[in-house]
Amino acid sequence: MGTINSAPKKAKRFRGIESAFLVIVCCFIVALCVFMFVLGDPANFADGDVESGHPLNMLGTVYRGGVIVPILQTLFLTVIVLSIERAIALMKANGAGKTTKFVSNIKDALIAGDIKKAHELCDKQKGCVASVITSVLLKYEEMENSPKLTKEQKLATIQQEVEEATALELPSLNQNLVVVATLTTLGTLVGLLGTVLGMIKSFSALASEGAADSVALSAGISEALVNTAFGILTGALAVISYNFFTSKIDKITYAIDEIGFSIVQTYASTHE
């Protein structure tokens, strides 16, 4: 079998944004600016009266949603930013080519006993799958040069390397997904809170002096409906994003397990 003596080159790749808190803070600042200067623009209200003027367009109507709107905007923007961040990170994790083809080529190289070619394929592919396989291949070669260990011990060592290398890569793949998962529920709950506050305002208008204050009543209804819409939209987007990226990570993990199993089986069948 061919071997290589040089250590693998660790190619730097985008692993994602480490601090989701900073993303949330930045999104809140953007949302607040949009709420105050875009939605709250006097041109969106009759007579330029932001406080009591009738909304002239949808922007003014959304502004009438009240203080919950910038919070919901923050959550919505956070889902979008983290979804883009995960898309880039997982694209880099997949490597330069199709993972299925890479797995097939690695299997062929192992069957042929060409470890050098397997290393070359990993260097060309890059990504987290190639990184794991490179580590396992190095352990594979190390076991070939360890006459003191039994075959069972060598197989156990290679399998352990597969598990350890995979465990080191998984955190970077799942990074920030817990935040997206939290927003699936949080967005809906915050929207519900805004809805409740809007309905309270509406009922207060109905109870005012025994007659309905049409302006206050419409403001309360607008607040309730706007927050409901934002909450549902945020929760729905977060659910779609979380499920999509989770399925992508499962495919990457399956590819790693598949090649790892092939390496162990190859060693078992070609060594006494």
Side-chain angles (χ1 to χ4, degrees), residues 13-46 48-93 171-198 201 218-246 248-249:
R13 71 172 190 273
F14 179 75
R15 290 178 176 269
I17 300 173
E18 295 184 0
S19 178
F21 176 75
L22 291 179
V23 173
I24 295 174
V25 171
C26 292
C27 288
F28 176 73
I29 293 173
V30 172
L32 196 59
C33 291
V34 171
F35 181 75
M36 294 176 61
F37 302 113
V38 178
L39 302 181
D41 190 331
N44 297 327
F45 303 91
D49 188 349
V50 177
E51 296 301 325
S52 57
H54 181 73
L56 299 177
N57 50 40
M58 183 58 67
L59 296 180
T61 301
V62 173
Y63 181 83
R64 282 286 184 261
V67 295
I68 298 296
V69 171
I71 298 177
L72 287 169
Q73 286 179 316
T74 299
L75 300 181
F76 182 72
L77 289 174
T78 300
V79 173
I80 293 177
V81 172
L82 292 183
S83 295
I84 295 174
E85 178 262 351
R86 281 297 85 198
I88 296 174
L90 292 182
M91 181 177 64
K92 296 295 184 181
S172 66
L173 296 178
N174 289 292
Q175 184 172 279
N176 293 330
L177 279 185
V178 65
V179 178
V180 176
T182 301
L183 293 178
T184 61
T185 302
L186 186 60
T188 305
L189 291 178
V190 174
L192 180 60
L193 174 62
T195 301
V196 172
L197 294 177
K201 183 180 293 185
S218 63
I221 294 175
S222 296
E223 183 172 344
L225 296 179
V226 166
N227 289 319
T228 299
F230 255 119
I232 293 174
L233 181 61
T234 301
L237 180 61
V239 168
I240 294 172
S241 176
Y242 179 79
N243 290 335
F244 176 78
F245 292 120
T246 299
K248 290 292 184 182
I249 293 172

For this session: Drop me the distance from I71's CD1 to N227's CG, to the nearest 0.5 angstrom.
Result: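 If we round to the nearest 0.5 Å, I71:CD1 and N227:CG are 9.0 Å apart.
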Exercise. What is the distance from atom CG of L82 to atom OG of S241, rounded to the nearest 0.5 Å?
Worked result: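 Reported value, rounded in 0.5 Å steps: 8.0 Å.
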Problem set entry | Steps toward side-chain contact (heavy atoms from CB on, under 4.5 Å) verdict (V50, Y63) | CA-CA 9 Å; V50 177; Y63 181 83; 3.4 Å; yes
Exercise. Any side-chain heavy atom of V62 within less than 4.5 Å of one from F230?
Worked result: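 When only atoms from C-beta onward are counted, F230 and V62 do touch, with a gap below 4.5 Å.
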Exercise. For the residue pair L39 and F45, what are the closest heavy atoms and their distance?
Worked result: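 What the structure gives for the nearest pair is O-CE1, 3.7 Å.
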Exercise. E51 and R64: which non-hydrogen atoms are nearest, and at how many Å?
Worked result: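 The answer is O-NH2, 3.6 Å.
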For this session: Would you check if F244 and S83 make a side-chain contact, meaning some heavy-atom pair closer than 4.5 Å?
Result: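 Side-chain contact under 4.5 Å: no.
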Exercise. Rounded to the nearest 0.5 Å, how far does CZ of F76 lie from SG of C27?
Worked result: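 Those atoms lie 11.0 Å apart.
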Problem set entry | Heavy-atom donor-acceptor pair, T184 side chain to A181 backbone, under 3.5 Å |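 Indeed, once roles are kept as given, a pair shorter than 3.5 Å links the two residues.
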For this session: Mind listing the closest non-hydrogen atom pair of A31 and T74 along with its distance?
Result: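 Shortest heavy-atom separation between A31 and T74 comes out as CB-OG1, 3.5 Å.
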For this session: Given side-chain contact (heavy atoms from CB on, under 4.5 Å), test T188 with I232 step by step and report yes or no.
Result: CA-CA 6 Å; T188 305; I232 293 174; 5.8 Å; no
Exercise. Rounded to the nearest 0.5 Å, how far apart are CD1 of I88 and CD1 of I17?
Worked result: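 Answer for the CD1-CD1 pair, I88 versus I17, is 8.0 Å.
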Exercise. Shortest non-hydrogen contact from G187 to L72?
Worked result: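 That closest heavy-atom pairing would be O-CD2, 3.7 Å.
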For this session: Could you give me the CA-CA distance, side-chain angles and deciding distance for D41 and L59, then say whether side-chain contact (heavy atoms from CB on, under 4.5 Å) is met?
Result: CA-CA 9 Å; D41 190 331; L59 296 180; over 6 Å; no
For this session: Give, for atom CG of L177 and atom OH of Y242, the distance between the pair rounded to the nearest 0.5 Å.
Result: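 If I round to the nearest 0.5 Å, the distance is 6.5 Å.
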Problem set entry | T61 side, atom OG1; N44 side, atom CG - distance, nearest 0.5 Å |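 Between T61 OG1 and N44 CG, I get 9.0 Å after rounding to 0.5 Å.
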Problem set entry | Minimum heavy-atom distance between T195 and A224, given as atom pair plus value |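 Result for this residue pair: OG1-O, 3.3 Å.
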Exercise. If you take all heavy atoms of L173 and R86, which pair is closest and at what distance?
Worked result: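 That would be O-NH1, 2.8 Å.
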